[in-house]
Undergrad: 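Got a structure here, written out as structure tokens. Questions coming.
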Amino acid sequence: MAYDAVVLLGFGGPERPEDVMPFLQNVTRGRGVPPERLAEVAEHYQHFGGVSPINQQHRDLLAAIRADFAANGLDLPVYWGNRNWHPMLADTVTQMRDDGVTRALAFVTSAYGGYSSCRQYQEDIAAARAAVGPDAPVIEKLRQFWDHPGFVEPHADAVRSALDQLDPARRDTTRLVFTAHSVPVSMAANAGPHGGRYEAQLRETARLVAAAAAPDLPYDLVWQSRSGPPQVPWLEPDVNDHLAALAEAGTTSVVVSPIGFVSDHLEVVWDLDTEARQTAKQLGLDFVRAGTPGTDPRFVAMVRELVAERIDPDGARLRRRLGELPLWDTCPAVCCVPARRP
């Protein structure tokens with residue numbers, strides 16, 4: 001099938017102090033998040049001047065993808081639109097229409113299945129196209145990439161680099177701690193056509209990264225950045241609680257690897273670099289946070305490979321996989337449907 005553009009679809013973030021609260025209201029609309037929690041998160045942004053690093057990271061990724069496409073003869077323009085802040089996706093789709101784009105592929109900056117990590121982006125695309133009107137380009141989301149080498153290998157290298165910063169004499173009491181964004185338990189249960197997909201994919205990514213980076217070390221998958229109402233059960237344990245349990249059990253050193261994320265945005269630099277690091281200090285744990293793929297050339301090349309899978313009629317031949325979980329090019333209609341979320 002012919003495509004004439006690619007759109008980088010991101011989460012978005014505020015770039016001025018006055019953007020922070022409107023941005024957070026966009027993110028949490030309809031989720032019942034208490035006002036006091038919004039105020040708490042807004043304060044996190046103010047520690048960074050009211051600016052999230054995520055938009056600049058998307059600009060850097062956009063430039064890297066365009067350069068990689070050009071260097072490898074992939075003649076497709078690459079646009080950028082966000083779910084929650086400017087440039088908003090509907091504005092980007094309008095520009096694509098005005099430029100004559102009729103059919104595009106969307107690369108979403110989330111590797112995993114689930115409602116908020118996959119299905120909601122599908123809804124965002126549909127809403128943006130509806131806002132633009134009947135002449136809006138068709139936009140098809142590229143597949144999830146939780147086990148793609150272009151995602152796994154940069155995470156593994158970052159873990160190796162982080163381990164090099166720890167005392168090798170404490171190797172026997174060192175542990176890897178992989179983190180991802182917590183979600184409501186009911187949402188996790190409904191992820192994927194048969195349920196549990198978000199957790200299953202993350203556990204597979206953790207296994208792959210650990211096996212590549214430090215097969216001799218124990219590891220855990222834990223959760224961070226909970227934002228919902230307190231009466232709703234979310235995935236646990238929280239990373240801070242887990243660090244306390246590790247310290248009590250005799251762990252001396254941890255590498256925390258945020259495999260749930262593709263770049264070092266605010267939920268990494270605040271929730272991990274600030275809060276979790278402070279928790280570790282109070283517990284007497286040596287703490288190093290591993291990096292994320294960002295604009296690693298392997299991650300950038302992965303975007304091109306995912307596009308090539310869809311353009312090439314024999315795209316399955318191009319797939320390079322490490323894991324064992326089922327894979328599809330497009331999400332099934334029954335996957336993570338809104339009616340099944342809390």
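Keep in mind it's a predicted model, so treat the numbers as computed, not measured.
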Undergrad: State yes or no: do Val51 and Leu38 share one hydrophobic cluster built from I, L, V, M, F, W and Y residues joined by side-chain heavy-atom distances below 4.5 Å, directly or via other members?
TA: no
Undergrad: Verify whether one side chain among Glu123 and Tyr115 offers a donor that lies under 3.5 Å from an acceptor in the other.
TA: yes
Undergrad: Using the rule that two of Ile, Leu, Val, Met, Phe, Trp, Tyr join whenever any of their side-chain heavy atoms come within less than 4.5 Å, decide whether Leu61 and Trp80 are in one cluster.
TA: yes
Undergrad: Please check: side-chain N/O of Asp167 versus main-chain N/O of Ala169, any donor-acceptor pairing under 3.5 Å?
TA: yes
Undergrad: Measure from the side-chain N and O atoms of Asp241 to the backbone N and O of Pro237, and report whether any donor-acceptor pair falls under 3.5 Å.
TA: no
Undergrad: Taking Glu204 for its side chain and Trp146 for its backbone only, find out whether a donor-acceptor pair lies under 3.5 Å.
TA: no
Undergrad: For Gly10, does its backbone N or O pair with a side-chain atom of Arg83 as donor and acceptor, under 3.5 Å?
TA: no
Undergrad: If you compare all heavy atoms of Pro258 against all heavy atoms of His155, which two are closest, and at what distance to 0.1 Å?
TA: O-CE1, 3.5 Å
Undergrad: Quick one: are Leu89 and Asn82 in side-chain contact, heavy atoms under 4.5 Å?
TA: no
Undergrad: Could you state whether Leu9 and Ile54 fall into the same hydrophobic cluster, counting links through intermediate Ile, Leu, Val, Met, Phe, Trp or Tyr residues with side-chain heavy atoms under 4.5 angstrom apart?
TA: yes
Undergrad: Treating Thr274 as the side-chain partner and Asp271 as the backbone partner, does any N or O pair qualify as donor plus acceptor under 3.5 Å?
TA: no
Undergrad: Do Asn240 and Asp238 meet the criterion of a side-chain donor-acceptor pair at a distance under 3.5 Å?
TA: yes
Undergrad: Taking everything shown except Glu248 itself, do over 12 heavy atoms lie less than 6.0 Å from its CD?
TA: no
Undergrad: So, Glu140 and Arg103, do they make that salt bridge, N to O below 4.0 Å?
TA: yes
Undergrad: Does Asp98 have more than 12 heavy atoms from other residues, nucleotides or ligands lying within 6.0 Å of its CG?
TA: yes
Undergrad: Is Ile259 reachable from Phe287 through a run of I, L, V, M, F, W or Y residues, each pair having side-chain heavy atoms under 4.5 Å apart?
TA: no
Undergrad: Given His242 and Glu236, is the side chain to side chain donor-acceptor pair (under 3.5 Å) satisfied, shown in steps?
TA: CA-CA 9 Å; His242 188 66; Glu236 295 179 338; over 6 Å; no
Undergrad: Does the side chain of Leu142 reach to within under 4.5 Å of the side chain of Arg310, using non-hydrogen atoms?
TA: yes
Undergrad: In Å and rounded to the nearest 0.5 Å, what is the CG to OG1 distance from Leu246 to Thr173?
TA: 11.0 Å
Undergrad: May I ask you to say whether Glu153 pairs ionically with Arg160, meaning some side-chain N is under 4.0 Å from a carboxylate O?
TA: no
Undergrad: Any side-chain donor paired with an acceptor under 3.5 Å for Asp60 and Thr295?
TA: no
Undergrad: Begin with the C-alpha distance, continue with both residues' side-chain angles, and end with the deciding distance and a verdict on ring pair (Phe, Tyr, Trp, His ring centres under 6.0 Å) for Phe145 and Tyr112.
TA: CA-CA 7 Å; Phe145 52 88; Tyr112 302 97; 7.7 Å; no
Undergrad: When you measure from the side chain of Thr174 to the backbone N and O of Val254, does any donor-acceptor pair fall under 3.5 Å?
TA: no
Undergrad: What is the distance from atom CD of Gln201 to atom OG1 of Thr205, rounded to the nearest 0.5 Å?
TA: 7.0 Å
Undergrad: Please check if any side-chain donor atom of His181 sits under 3.5 Å from a side-chain acceptor atom of Glu267, or the reverse.
TA: yes
Undergrad: Is a side-chain donor or acceptor of Ser52 paired with a backbone partner of Gly13 at a separation under 3.5 angstrom?
TA: no
Undergrad: Might you point out which heavy atoms bring Pro215 and Ala211 nearest each other, and give the distance in Å?
TA: CD-O, 3.6 Å
Undergrad: To the nearest 0.5 Å, how far apart are CE in Met187 and OG in Ser117?
TA: 9.0 Å
Undergrad: Is it true that a side-chain atom of Thr292 and a backbone atom of Asp264 form a donor plus acceptor pair closer than 3.5 Å?
TA: yes
Undergrad: Testing the basics here: between Ala5 and Leu76, what is the closest heavy-atom pair and its distance to 0.1 Å?
TA: N-CD2, 3.7 Å
Undergrad: Classify the side-chain pair Thr102/Asp4 by whether it contains a donor and acceptor separated by less than 3.5 Å.
TA: yes
Undergrad: Given the rule in the ring pair (Phe, Tyr, Trp, His ring centres under 6.0 Å) test, do Trp270 and His47 qualify, once you have shown the distances and angles that lead to the verdict?
TA: CA-CA 9 Å; Trp270 177 263; His47 280 271; 4.7 Å; yes
Undergrad: So, the side chain of Asp296 versus the backbone of Arg298: is there a donor-acceptor pair under 3.5 Å, distance only?
TA: yes
Undergrad: Please check if Phe11 and Val41 belong to a single hydrophobic cluster, counting links between Ile, Leu, Val, Met, Phe, Trp and Tyr side chain heavy atoms closer than 4.5 Å.
TA: yes
Undergrad: So, the side chain of Arg66 versus the backbone of Val78: is there a donor-acceptor pair under 3.5 Å, distance only?
TA: yes
Undergrad: Where do Ala162 and Val255 come nearest, in terms of heavy atoms and distance?
TA: CB-CG1, 3.7 Å
Undergrad: Can Tyr45 and Asp19 be counted as having a side-chain donor-acceptor contact under 3.5 angstrom?
TA: no
Undergrad: Distance alone, cut at 3.5 Å: any donor-acceptor contact between the side chains of Asp91 and Gln95?
TA: no
